[in-house]
S.K.: 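Structure provided below as structure tokens; questions to follow.
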Number of protein chains: 4
Amino acid sequence: MIQITLIQIDNYGPWTVTPGPRHEPDLQTLQSRLYGDLEREFGAHGGIVFFNRFDNLIAISNGMDYEDHLLIQDSIRNRYPITISMGIGTAKTAFEAQKIATEMIQKGGGAQNAERKEILNIDSLADKEDGEVRIAHIDIDDITNTLTDIKTAFDTSIEVYKVLYMLMDELSEVGSMCFFIGGDNYMAPVNNVSEEELQKVLDNIYEKTGIHLKAGIGIGKKALKAADLADIGLEEIRAKKTDSSILVLKDN
Amino acid sequence: MIQITLIQIDNYGPWTVTPGPRHEPDLQTLQSRLYGDLEREFGAHGGIVFFNRFDNLIAISNGMDYEDHLLIQDSIRNRYPITISMGIGTAKTAFEAQKIATEMIQKGGGAQNAERKEILNIDSLADKEDGEVRIAHIDIDDITNTLTDIKTAFDTSIEVYKVLYMLMDELSEVGSMCFFIGGDNYMAPVNNVSEEELQKVLDNIYEKTGIHLKAGIGIGKKALKAADLADIGLEEIRAKKTDSSILVLKDN
Amino acid sequence: MIQITLIQIDNYGPWTVTPGPRHEPDLQTLQSRLYGDLEREFGAHGGIVFFNRFDNLIAISNGMDYEDHLLIQDSIRNRYPITISMGIGTAKTAFEAQKIATEMIQKGGGAQNAERKEILNIDSLADKEDGEVRIAHIDIDDITNTLTDIKTAFDTSIEVYKVLYMLMDELSEVGSMCFFIGGDNYMAPVNNVSEEELQKVLDNIYEKTGIHLKAGIGIGKKALKAADLADIGLEEIRAKKTDSSILVLKDN
Amino acid sequence: MIQITLIQIDNYGPWTVTPGPRHEPDLQTLQSRLYGDLEREFGAHGGIVFFNRFDNLIAISNGMDYEDHLLIQDSIRNRYPITISMGIGTAKTAFEAQKIATEMIQKGGGAQNAERKEILNIDSLADKEDGEVRIAHIDIDDITNTLTDIKTAFDTSIEVYKVLYMLMDELSEVGSMCFFIGGDNYMAPVNNVSEEELQKVLDNIYEKTGIHLKAGIGIGKKALKAADLADIGLEEIRAKKTDSSILVLKDN
């Protein structure tokens, strides 16, 4: 079971333009700081946060309970001009878990409802011992030589974001999600997604775009461990220690 | 003329896996902190930075010279475990300027060349008095009611990223670029892109997706001012002060 | 028993002037960021960090074990141009615990020994259940009206730092330490220091300086809880809910 | 003439305990982040900020005008739960300049007056061309071998803070101020303070404490340049390139 926390800035849209529009570099800084801080807060407990849309961030939070989340919610209120709401869901797939997490927030009120503030609703928590997180770390084969060093920076970005959109779209169909983590790297929580299903997604994208993708998959009790193993898997594929474009490593 | 700075982390890919893969939450924090810090450094001079791919960031830097960039490069070296290279180009369109900026970095060596370090190559600078920055701030009509509050968080994200990819692709065809700035917001430097061309892009996306977009355009000597005006333009469309889905405001 | 972690930047002095002196604003930023980040990392586990001398920081770390510290050490290496060593000691008084923590680092080598890097030596850990942290939060009576609003900013600072030095000096004699936490506030871990001993220190300082001090003392299993209670105690004295200038609150 | 900006968090004390006391690690993080951010904002214009008491920070701001300060004030409001007021004074000595800066803030209202918010009062600005900043970077001779590596961490801190208090007290008498900048380092803006006066202060402290101090002095149009030269001066004394314990370097 994978545990997903959806983090939503309360009433953010209206705040950004009250009393008048706030300077965009300030908002960008605010959002990146918030993302970085949440990454540390969840990271300190073995979790991972993805920036997603910056005002709606998604974390894998296996091993974290109500008190851990409350401390984070307090900390943001004490250091930022905004507050956050959180919904927590647990399910067999990451997509299903975020669906539940979304409902946990939505039942507290709308995202631009000035009354709604600091919701912290938990549907269920993953068992600390029996929970399991599966993470795929996906990247583009040899992007430096095929894109970065020969195309313009923005042309490379278009390719990277095209692949991102396709991964988001196709992986959501098999119960996963996908997030951009910088460079040519993507991360997808793949609980209950088979290697075959993932391979099919990578194949589809290759057919449509000509871009080769590979994926290391890590399995652990918490996101941090799973991600570490996924990275190692990716390195082993890169080093040609396997012929496959997918490699699974499990913590024991 | 718009001045674009391309910022590239030196030899980043290899560093992230040396001696072994580094914890992903640490890398995500590093990247978000770097982005936030660069936003402040450029922002202090009236510029704006877009995170783009986090290891390749793109800034609108009108008004900033060699010394300003050097101070930033030093500051990053003194506070981070990595260093950055920068290329600067100026042109009639943002796309052309980033192309030149890319070449300025590429001629210093490849992105994963361990020898290449702290390149700072300027092709040309925009005139401080005669330079002009045009920025479009684009967003999705009423996303809170049509998506955020009724769909799952990730389903909304898929829509937002689909629009992002389309905007990146189509705007690059008319000499612009496009960046995600969080929520349902996009920002595009649109020097030498006509209102008609932009309207056509928004129309195309509506036809393909059914999603309504609107855009405030701001014109100023520096990015900060242009972005402020773009925000105000967007607010005025939102408040129905105009029938058009595009509004242009110019600093005088 | 109180558990103290001493955090020392490895070989920091030489680094700040290699190859030449680095810009002071960059170093100040580095130090403040490191302090803030360590505060989050320890804070996420109920600990507190005091900046002390910025290159030597002191934390109350009851409840944290080897793995928790290792994750922090990794995180700093992955995001900063410097690394940190840590020594951990547990004792009846905070002063004794920091003495042991210092020895744990010193036995790894000197602070400016280029060979010494990322020491993580634990003498002993406090029992997670039986450990206890006592914290005094001390401040100056009515500083706003007696100093801030009538004297120059720097004259007020001289008074605040005079009191700081005196508190450091006198409290170290009774087995405590004292740290400046901003404004006119000081924090002292006072395990095994009696109320009478603390009152005597406050009285001595009043006699020498004419400055009235008061102190809330909190007792909890972890530093965060103890500090929360100390703050509440201070508020109650301020609100005249007690005649004493010291108030003790205990978590139960 | 040296230009000093006093930065004061508006109504901070009351905020920290409303509605109840806020977690101390959160406040410490807030303060360190604010300090780091202000350091970047002023640093981007060649200035330097000293944390002083964290809720009252002091900057050397030669070269910065009203617009520069306003952008900083906006940025803090947009990213923090608190706002700041600033007073700016210019004088022959740093102490006199901060006195004027303090008055500029005080005339806007008291530090804990809930009505007072975002004051930005300038008495006068230093001439951008004729202004001059003199900075002394002072440190303790060979602290690693005499203190850090043989005494406990806190015993070393007591010595460092004793020297700090003495420097603050004695330098204020000759028109300067003094700030702790970490480790065993102090920085003092010494416009119109003669080498003889500074030497006398260092001698007095040696007589009272047995601690040897040395000082590099840098002179430049802005604080950043002056501080760079002060650092180089200190390095030259350390390298025995001079017999004196004070060395002055001037930008030309």
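Every chain is numbered from 1, with letters handed out A, B, ... down the list of sequences. Side chains are part of it too, since the values below use all heavy atoms of this structure and drop only hydrogens, waters and symmetry mates.
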S.K.: Checking Thr102(C) against chain D: side chain, backbone, both or neither under 4.5 Å from a heavy atom?
M.R.: side chain
S.K.: Using a 4.5 Å cut-off on heavy atoms from C-beta on, say whether the side chain of Arg33(C) contacts that of Arg40(D).
M.R.: yes
S.K.: Identify which part of Leu6(D) has an atom lying under 4.5 Å from any heavy atom of chain C, answering side chain, backbone, both or neither.
M.R.: side chain
S.K.: So, does Tyr161(D) use its side chain to make a donor-acceptor pair with the main chain of Asn52(C) at under 3.5 Å?
M.R.: yes
S.K.: Return the minimal non-hydrogen interatomic distance between Phe95(D) and Asp155(C), and the atom names on each side.
M.R.: CZ-OD2, 3.4 Å
S.K.: Measure distances from Met166(C) to the heavy atoms of chain D and classify the residue's part below 4.5 Å as side chain, backbone, both or neither.
M.R.: neither
S.K.: Report yes if the side chains of Arg22(C) and Asp231(D) come closer than 4.5 Å at any heavy-atom pair, otherwise no.
M.R.: no
S.K.: Is a donor from one side chain sitting under 3.5 angstrom from an acceptor on the other, for Thr152(C) and Gln98(D)?
M.R.: yes
S.K.: By a 4.5 Å heavy-atom criterion (distance strictly below it), what part of Asp37(C) contacts chain D: side chain, backbone, both, or neither?
M.R.: both
S.K.: Quick one: what part of Glu103(C) sits under 4.5 Å from any heavy atom of chain D, side chain, backbone, both or neither?
M.R.: neither
S.K.: Only pairs of heavy atoms separated by less than 4.5 Å count here; which of Ser172(D), Gly183(D), Gly87(D) has the most with chain C?
M.R.: Gly183(D)
S.K.: When heavy-atom pairs shorter than 4.5 Å are enumerated against chain C, which of Ala223(D), Ala227(D), Ala101(D), Cys178(D) gives the highest number?
M.R.: Cys178(D)
S.K.: Measure distances from Gln28(C) to the heavy atoms of chain D and classify the residue's part below 4.5 Å as side chain, backbone, both or neither.
M.R.: both
S.K.: Counting only non-hydrogen atoms closer than 4.5 Å, does Tyr12(C) touch chain D with its backbone (N, CA, C, O), its side chain (CB onward), both, or neither?
M.R.: neither
S.K.: Using side-chain contact (heavy atoms from CB on, under 4.5 Å), reason through Leu164(D) and Tyr165(C) one step at a time and then give a plain yes or no.
M.R.: CA-CA 9 Å; Leu164(D) 172 61; Tyr165(C) 164 61; over 6 Å; no
S.K.: Could you give me the CA-CA distance, side-chain angles and deciding distance for Phe51(D) and Phe54(C), then say whether ring pair (Phe, Tyr, Trp, His ring centres under 6.0 Å) is met?
M.R.: CA-CA 12 Å; Phe51(D) 66 82; Phe54(C) 289 104; 5.4 Å; yes
S.K.: What's the verdict on ring pair (Phe, Tyr, Trp, His ring centres under 6.0 Å) for Phe179(D) and Phe154(C), showing C-alpha distance, side-chain angles and the deciding distance?
M.R.: CA-CA 10 Å; Phe179(D) 304 97; Phe154(C) 196 71; 5.6 Å; yes
S.K.: What verdict does the side-chain contact (heavy atoms from CB on, under 4.5 Å) test give for Met168(C) and Ser157(D), after you've listed the backbone C-alpha separation in whole Å, the side-chain angles of each residue and the deciding distance to 0.1 Å?
M.R.: CA-CA 9 Å; Met168(C) 291 174 76; Ser157(D) 294; 3.8 Å; yes
S.K.: Going through the distances and angles, do Asp169(D) and Glu159(C) end up as a side-chain contact (heavy atoms from CB on, under 4.5 Å)?
M.R.: CA-CA 9 Å; Asp169(D) 191 42; Glu159(C) 296 298 303; over 6 Å; no
S.K.: Name the region of Asn185(C), side chain, backbone, both or neither, that has any atom closer than 4.5 Å to a heavy atom of chain D.
M.R.: neither
S.K.: Would you say the side chain of Glu24(D) lies within less than 4.5 Å of the side chain of Ile135(C), judging by non-hydrogen atoms?
M.R.: no
